[in-house]
2 protein chains.
Amino acid sequence: MLLKENPVSHHDCEACPIRHRAVCARCDSDELELLEEIKYYRSFEAGQHIIWSGDRMDFVGSVVSGIATLTQTMEDGRTQMVGLLLPSDFVGRPGRNGAAYDVVATTDLVMCCFRKKPFEQMMETTPHIAQRLLQMTLDELDAAREWMLVLGRKTAREKIASLLAIIARRNATLHMSNASGELSFDLPLTREAMADYLGLTLETVSRQVSALKKDGVIVLEGKRHVIIPDLERLLEEAGDDSDGGVLG
Amino acid sequence: MLLKENPVSHHDCEACPIRHRAVCARCDSDELELLEEIKYYRSFEAGQHIIWSGDRMDFVGSVVSGIATLTQTMEDGRTQMVGLLLPSDFVGRPGRNGAAYDVVATTDLVMCCFRKKPFEQMMETTPHIAQRLLQMTLDELDAAREWMLVLGRKTAREKIASLLAIIARRNATLHMSNASGELSFDLPLTREAMADYLGLTLETVSRQVSALKKDGVIVLEGKRHVIIPDLERLLEEAGDDSDGGVLG
DNA sequence: TCGCGCGATTGATCTGGGTCAAAGATATGA
DNA sequence: TCATATCTTTGACCCAGATCAATCGCGCGA
């Protein structure tokens, strides 16, 4: 509704900031040319609904910049966030017409959209796209399962610490900074959004954030800027294995 | 350890009970022949660990018969089930060497395993496999996200009803029975396993099952056989949209 | 047939986080 | 500058589900 065409509509894929992380990561220049023909950019303002659950979807796409949330809502209003979309994350599901979740921009956001039909055809003919999408989907499945542990078994304090750790880590990889020592980032979520992510109330989120601050696990500059003096400490609070070692 | 070679080791793929639902669903007969060369069957007894989290994986595969659970465990012993594997479900992750979760057989179980390396090579050359796997992974991601809503926002009673509804539904599609009217099935999980799935204690599970029984939402024959006199009623108790309508 | 063991049930009590309510910060715009 | 709105914090109290503790009941092997 309030969408506006983006000034960089004909941005060159080769120069795209998410070129090597998005669904197109494995494509060669020929394949990129085909993609350019079916792509277009859309911009959204903070707070705007990008997709309504149940809506017919005529596009899929990638987040280029900004942050969005994927949420599910029950009839009585209880809502649960089921995904956090950062730059390079994929939106939409090939092979399905209806959207299953609400997608809401939490910051100003730019999406690189592909018309759904031709994108699905390309998936059949261009293995690089399906392969990359499979990889990304498997990663998301892992993230979702990690989140199930958080939701099902962690205490409120551990939940908050887990969320901060995840955001810190994703920010770190996004900005290529060193993942140890002091980290800091702007919290892209309100207390309410954090509560929806964690299966808590916003009051409990506020209390536990204050507690972590009081205990020196985090430092706040204003309400939104978070400094992590010691990542190890935060991970301990999150109840995560201290050695974040993963095989393979 | 206790594994034994299955008598039907050289079972014909064409006659396989999960032929049209598993990762090989889209393969044609030529492709099946290639798969036959890298496949082998393994049997497990109820209670046996199939995979330990952190183990090196040298195979991937499909559940042919029986039921297994995918669980995550914290150092202090808290565990959360993150997946329920029914016949035709895929096990393992191509492109990763270490297992991320424990996989445990809850009933006697038969798996159709593929040696990992050649399977990965086939994925590169045989789009039908990667395409089917993508489809299945997207379905699992949806299931995981639905589960996040259950874990994060539903009450104990709703959680139990949700679990029963999911098992009833999966059983119904598996056995091609009509999905309405009276349903019944054998609960493949102990109260403790149900608790691990739902983020509850086994006592709470027991109490809520008793409550649903007292209220006539379910009927129990023995401890494990469940009869659902009215699926609509159960779905209401689960807090699900009464019309299970999904677009596309 | 008995006794053992595991899973399930049931009861009593406790508590983490929810609920309700009231202020306190910031930002925005007239 | 003040009024309004949104987000956040903090306090008091409550309750759903956890915890601790018996007990039950059924299947199985000796």
Side-chain angles (χ1 to χ4, degrees), chain A residues 45-48 69 74 76-80 104 106-108 150-164 186-215 218 220-226 237 239, chain B residues 45-48 69 74 76-80 104 106-107 150-164 186-215 218-226 237 239:
Chain A
E45 290 170 14
Q48 214 181 333
T69 61
M74 295 171 67
D76 61 9
R78 282 177 280 175
T79 78
Q80 174 65 52
V104 181
T106 61
T107 65
D108 288 350
V150 172
L151 289 173
R153 293 300 186 191
K154 292 196 177 178
T155 64
R157 170 181 264 246
E158 288 170 334
K159 284 179 174 183
I160 299 289
S162 298
L163 177 59
L164 294 175
D186 276 311
L187 204 48
L189 302 172
T190 64
R191 297 288 183 262
E192 188 181 21
M194 292 173 68
D196 285 343
Y197 210 141
L198 298 166
L200 297 171
T201 59
L202 66 91
E203 292 96 327
T204 298
V205 170
S206 183
R207 276 187 253 268
Q208 296 297 337
V209 169
S210 298
L212 288 175
K213 176 174 145 193
K214 183 165 65 64
D215 297 346
I218 60 175
L220 291 185
E221 256 170 26
K223 306 254 173 235
R224 293 295 192 83
H225 194 78
V226 179
E237 293 286 354
Chain B
E45 290 170 15
Q48 214 182 334
T69 62
M74 295 171 67
D76 61 9
R78 281 177 280 176
T79 77
Q80 173 66 51
V104 181
T106 61
T107 65
V150 172
L151 289 172
R153 292 302 186 191
K154 292 196 177 177
T155 64
R157 170 180 263 245
E158 288 170 333
K159 285 178 174 184
I160 299 290
S162 297
L163 178 58
L164 294 175
D186 276 312
L187 204 47
L189 303 172
T190 65
R191 297 288 182 262
E192 188 181 22
M194 291 173 69
D196 284 343
Y197 210 140
L198 297 166
L200 297 171
T201 59
L202 66 91
E203 293 95 328
T204 298
V205 170
S206 184
R207 276 187 251 269
Q208 296 296 336
V209 169
S210 298
L212 288 175
K213 176 174 145 195
K214 184 165 66 62
D215 297 346
I218 61 174
V219 176
L220 290 186
E221 255 170 26
K223 306 251 174 240
R224 293 297 192 82
H225 194 77
V226 180
E237 292 286 354

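Note that these values count all heavy atoms, side chains included, but never hydrogens, waters or copies made by symmetry. Just so it is clear: chains get the letters A, B, ... in the order the sequence lines come, proteins before strands, and each one is counted from 1.
If you take CG of A/Leu212 and C1' of D/dT8, they are 16 Å apart, rounded to a whole angstrom. If you measure from atom CD of B/Gln208 to atom P of C/dG11, you get 14 Å, rounded to the nearest angstrom. One interatomic measurement links the two molecules: CZ of B/Arg153 to C1' of C/dG18, which rounds to 11 Å at whole-angstrom precision. In this structure, B/Leu200 atom CG and C/dA8 atom C1' are separated by 16 Å, rounded to whole Å. Atom CZ of A/Arg191 is separated from atom P of D/dT10 by 10 Å (rounded to the nearest Å). Note: NZ (A/Lys213) to C1' (D/dT9) measures 10 Å, nearest angstrom. Nucleotide D/dA18 holds its C1' atom 19 Å from the CZ atom of B/Arg157, rounded to whole Å. Separating the NZ atom of B/Lys223 from the P atom of C/dG7 is a distance of 13 Å, rounded to the nearest angstrom.
As judged by a 4.0 angstrom heavy-atom cut-off over every strand, B/Arg224 is placed among residues touching the sugar-phosphate backbone only. If you check every strand for non-hydrogen atoms under 4.0 Å, A/Thr190 touches sugar and phosphate atoms only. Across all strands, B/Ser206 comes closer than 4.0 Å to base atoms (heavy-atom distances). Across all strands shown, A/Gly199 has heavy atoms under 4.0 Å from sugar-phosphate atoms exclusively, and none from any base. Contact annotation for B/Leu202: base contact, defined as any heavy-atom pair under 4.0 Å involving a base atom.
Looking at heavy atoms from C-beta onward, A/Lys223 lies out of side-chain contact with A/Val209 at the 4.5 angstrom threshold. Residues B/Arg153 and B/Glu158 are not in side-chain contact: their nearest non-hydrogen atoms beyond the backbone lie 4.5 Å or more apart. Side-chain contact check for B/Met194 versus B/Leu187: some heavy-atom pair is nearer than 4.5 Å.
A donor-acceptor contact under 3.5 Å is formed by the side chain of A/Arg207 with the base of D/dG11.
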*asked:* A/Thr201 vs A/Arg191, test: side chain to side chain contact (heavy atoms under 4.5 Å, CB included). Steps then yes/no.
replied: CA-CA 9 Å; A/Thr201 59; A/Arg191 297 288 183 262; over 6 Å; no

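A residue-by-residue look at A/Thr204 and A/Gly222 shows that A/Thr204 has its nearest nucleotide of DNA chain C further toward the 5' end. Nearest-nucleotide positions on DNA chain C for A/Ala156 and A/Glu203 put A/Ala156 closer to the 5' end.
Nearest heavy-atom pair, A/Thr106 versus A/Pro188, reported as atom, atom and distance to 0.1 Å: OG1-O, 3.7 Å.
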